[in-house]
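So the structure is just underneath, and the comments pick up after that.
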Amino acid sequence: LGYQFLNLDDCWAKSRKDDGTLVADQAKFPDGTLKPLADYVHSQGLLFGTYTDRGDLTCAGRPGAARHEEIDAKTYALWGVDYLKE
């Protein structure tokens, strides 16, 4: 029994780089990525998940996945994301 995942919901993404790569809000994630958080969550024996939206913007007006699905999938894999909610 116990928790298996820590899932981060909306409001973490801030923008996209010129190549389309997501940038995390640096006020909350100084590296501009979720990798340090994912690494920490993994070090605690948990899996890490986050949120996206199929549209241009999330419910909170942050960057969505529309037309960026492939680069987002590669970015999430690079950051160590285990689960993606949409």
Side-chain angles (χ1 to χ4, degrees):
L1 294 175
Y3 295 103
Q4 295 179 349
F5 285 87
L6 183 138
N7 292 328
L8 180 66
D9 214 326
D10 203 351
C11 295
W12 62 265
K14 183 70 172 178
S15 61
R16 290 188 179 275
K17 295 180 183 177
D18 289 340
D19 68 359
T21 303
L22 283 165
V23 177
D25 186 339
Q26 290 181 300
K28 299 172 185 170
F29 305 96
D31 291 343
T33 79
L34 299 181
K35 182 154 179 44
L37 177 58
D39 289 347
Y40 174 75
V41 170
H42 290 145
S43 78
Q44 300 303 301
L46 297 169
L47 298 170
F48 177 68
T50 192
Y51 165 83
T52 190
D53 189 286
R54 289 185 188 205
D56 290 321
L57 300 173
T58 68
C59 297
R62 304 297 180 110
R67 297 172 306 286
H68 295 95
E69 292 87 351
E70 185 174 345
I71 195 163
D72 285 359
K74 290 177 182 178
T75 300
Y76 294 134
L78 181 67
W79 289 352
V81 174
D82 302 298
Y83 174 83
L84 187 64
K85 171 189 162 189
E86 52 170 34

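- When the side chains of ILVMFWY residues are joined at heavy-atom separations under 4.5 Å, either directly or via intervening members, W12 and L37 end up in a single hydrophobic cluster.
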Show the atom names and distances, to 0.1 Å, of all donor-acceptor pairs under 3.5 Å that link a side chain in residues 24-32 to residues at least two apart or in another chain.
from, atom 1, to, atom 2, distance (Å)
D25, OD1, A27, N, 3.0
Q26, NE2, P30, O, 3.4
K28, NZ, C11, O, 3.2

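- What you find for D53 and C59 is that their closest heavy atoms are OD2-N, 4.3 Å.
- Within a 6.0 Å sphere centred on CG of D18, other residues, nucleotides and ligands contribute 12 heavy atoms or fewer.
- By the criterion of side-chain heavy atoms lying less than 4.5 angstrom apart, applied directly or through intervening Ile, Leu, Val, Met, Phe, Trp or Tyr residues, L34 is grouped together with L6 in one hydrophobic cluster.
- Put simply, the side chain of H68 gets close to the backbone of A66: a donor and an acceptor are under 3.5 Å apart.
- Residues K85 and D9 meet the side-chain proximity criterion, which asks for heavy atoms closer than 4.5 Å.
- Taking hydrophobic clusters as Ile, Leu, Val, Met, Phe, Trp and Tyr residues chained together by side-chain heavy-atom distances below 4.5 Å, L84 shares a cluster with L46.
- There is no path of hydrophobic side-chain contacts, each under 4.5 Å, that joins L22 to Y51.
- Between F48 and Y83, the distance from one ring center to the other does not fall under 6.0 angstrom.
- Side-chain contact between K35 and L78 is absent, with no heavy atoms from C-beta onward closer than 4.5 Å.
- Crowding of F5 atom CZ: a count of heavy atoms from other residues, nucleotides or ligands under 6.0 Å exceeding 12.
- Distance check: D72 CG to K74 NZ gives 11.5 Å after rounding to the nearest 0.5 Å.
- Closest non-hydrogen pair, V41 versus L47, comes out as CG1-O, 3.6 Å.
- At distances below 3.5 Å, at least one donor-acceptor pair connects side-chain atoms of D10 with backbone N or O atoms of A60.
- The backbone N or O of H42 lies less than 3.5 Å from no partner atom in the side chain of Q44, so there is not a single donor-acceptor pair.
- The side-chain heavy atoms of L57 and P63, taken from C-beta on, include no pair separated by under 4.5 Å.
- Hydrophobic clustering (ILVMFWY, side-chain heavy atoms < 4.5 Å, transitive): L8 and V81 are in one cluster.
- With hydrogens and angles ignored, the 3.5 Å screen pairs a side-chain donor or acceptor of T75 with a backbone N or O of I71.
- Using a 4.5 Å cut-off on side-chain heavy atoms (C-beta onward), W79 and P36 make no contact.
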